[in-house]
Number of protein chains: 2
Amino acid sequence: MNLPVPGKPVRGSKTGQPVMALLDLLGRNWSMGIIWHLYSGPSTFRKLQDYCESISPTTLNKRLKELRESHLIERTLEGYALTQDGKELYELIEPLGGWARNTWAKNFD
Amino acid sequence: MNLPVPGKPVRGSKTGQPVMALLDLLGRNWSMGIIWHLYSGPSTFRKLQDYCESISPTTLNKRLKELRESHLIERTLEGYALTQDGKELYELIEPLGGWARNTWAKNFD
DNA sequence: TAGTTTTGCTACTAAATATGTAGCAAAAAA
DNA sequence: TTTTTTGCTACATATTTAGTAGCAAAACTA
């Protein structure tokens, strides 16, 4: 599957509405997990592999490439890091953490 | 793959942190798209299929089952609909729409 | 009330994506 | 210079998704 880019057809939108491209990108295995982790600071390939526990290097590498092409992460001297846009995106999804813990998880008691 | 449930090991967290279970669930193909669509009102199976353009009935049915078991959607007389939790979740991810359009998409001009 | 249509699926095959393991070249550390 | 760490690639296997067909039940229509 191609990189989902605003303005081009993606899964869920033939006109390529930006939010659909974003949901397509974020909906790929590990995308959000990588962003979630990188918010706490830059990380190396191997550290990301450890963090993500079960990710394969093949998939990790693919996700990293996609996220770089999407301007959400970049390579720095300290390893992979969120871009300004990546940080903003994290801050948008950050509230999911509290909600999952305080509200959603109650359903499974 | 099993349904990601808070408290049980999921991809990204052996201890099953709720947010990791949630990211695992939402990270599956079409999960967020379905929630996004249902916020505008209840929908039938066939309408969801149309909306999601390229989703296969197999996958749609699987996602619907998962989201129901996760208490995010339910069946009503008018079809599939968001639960209270589902609506809250939508409201958390809703800001992604504006950000994708106004900020993220600029990278691709 | 006998068709016709719509709906919510299931079955099946093919394609795409992810995992798991091994390993290697380059850079950094000792 | 040797050892370790890092960032991958290759390849085989497993899992997930797409694509198409079709069917039983419910809802509409004549």
Does the pair A:Leu96 and B:Leu89 meet the rule for a side-chain contact (heavy atoms from CB on, under 4.5 Å), with working shown? CA-CA 8 Å; A:Leu96 292 179; B:Leu89 177 57; 3.5 Å; yes
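For A:Ser56, a side-chain nitrogen or oxygen approaches OP1 or OP2 of C:dT19 to under 4.0 Å. Between D:dA18 and B:Asn29, a contact under 4.0 Å exists linking OP1 or OP2 to a side-chain N or O. For B:Arg63 and D:dT17, the shortest distance from a side-chain N or O to OP1 or OP2 is below 4.0 Å. Proximity of A:Trp30 to the phosphate of C:dT19: a side-chain N or O atom is located under 4.0 Å from OP1 or OP2.
B:Glu74 and B:Arg68 are not joined by a salt bridge, as no carboxylate oxygen comes within less than 4.0 angstrom of a charged side-chain nitrogen.
Atom pair A:Leu77:CG and C:dA27:P shows a separation of 14 Å (rounding to whole Å applied). The interatomic distance linking A:Asp50 (CG) with D:dT6 (C1') rounds to 12 Å, in whole Å. The distance between atom CZ of B:Arg28 and atom C1' of D:dT15, rounded to the nearest whole Å, is 11 Å. Atom CZ of A:Arg11 and atom P of D:dT16 are 15 Å apart (whole Å). The NZ atom of A:Lys62 sits 17 Å away from the P atom of D:dC11 (whole-angstrom rounding). In this structure, CD1 of A:Ile55 is placed 15 Å from P of C:dT17, rounded to the nearest angstrom. In this structure, CG of B:Leu60 is placed 10 Å from C1' of C:dG8, rounded to the nearest angstrom. Atom C1' of nucleotide D:dT17 and atom CG of A:Asp24 are separated by 13 Å, given to the nearest angstrom.
Qualifying ring-ring contact (aromatic ring centres under 6.0 Å, His included) partners for A:Phe45, counting only residues two or more places apart in sequence or in other chains: none.
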Report, one pair per line, the protein and nucleotides 9-11 of chain C atoms (nitrogen or oxygen only) whose separation is under 3.5 Å.
from, atom 1, to, atom 2, distance (Å)
C:dC9, OP2, B:Arg75, NH1, 3.4
C:dC9, OP2, B:Tyr80, OH, 2.1
C:dC9, O5', B:Asn61, OD1, 3.4
C:dT10, OP2, B:Asn61, ND2, 2.4

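Looking at A:Glu91 and A:Tyr39, their side chains do bring a donor and an acceptor atom within 3.5 Å of each other.
With hydrogens and angles ignored, the 3.5 Å screen pairs no side-chain donor or acceptor of B:Lys8 with any backbone N or O of B:Pro4. A donor-acceptor pair under 3.5 Å is formed between the side chain of B:Thr83 and the backbone N or O of B:His71.
Residue A:Thr44 is in sugar-phosphate contact alone, with no base atom involved, counting any heavy-atom pair closer than 4.0 Å across all strands shown.
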Donor-acceptor pairs are to be reported for all side-chain atoms of residues 46-60 of chain A against protein atoms at under 3.5 Å, with residues two or more places apart or in another chain.
from, atom 1, to, atom 2, distance (Å)
A:Glu53, OE1, B:Lys14, N, 3.1
A:Glu53, OE2, B:Lys14, N, 3.4
A:Ser56, OG, A:Thr59, N, 3.3
A:Ser56, OG, A:Thr59, OG1, 2.9

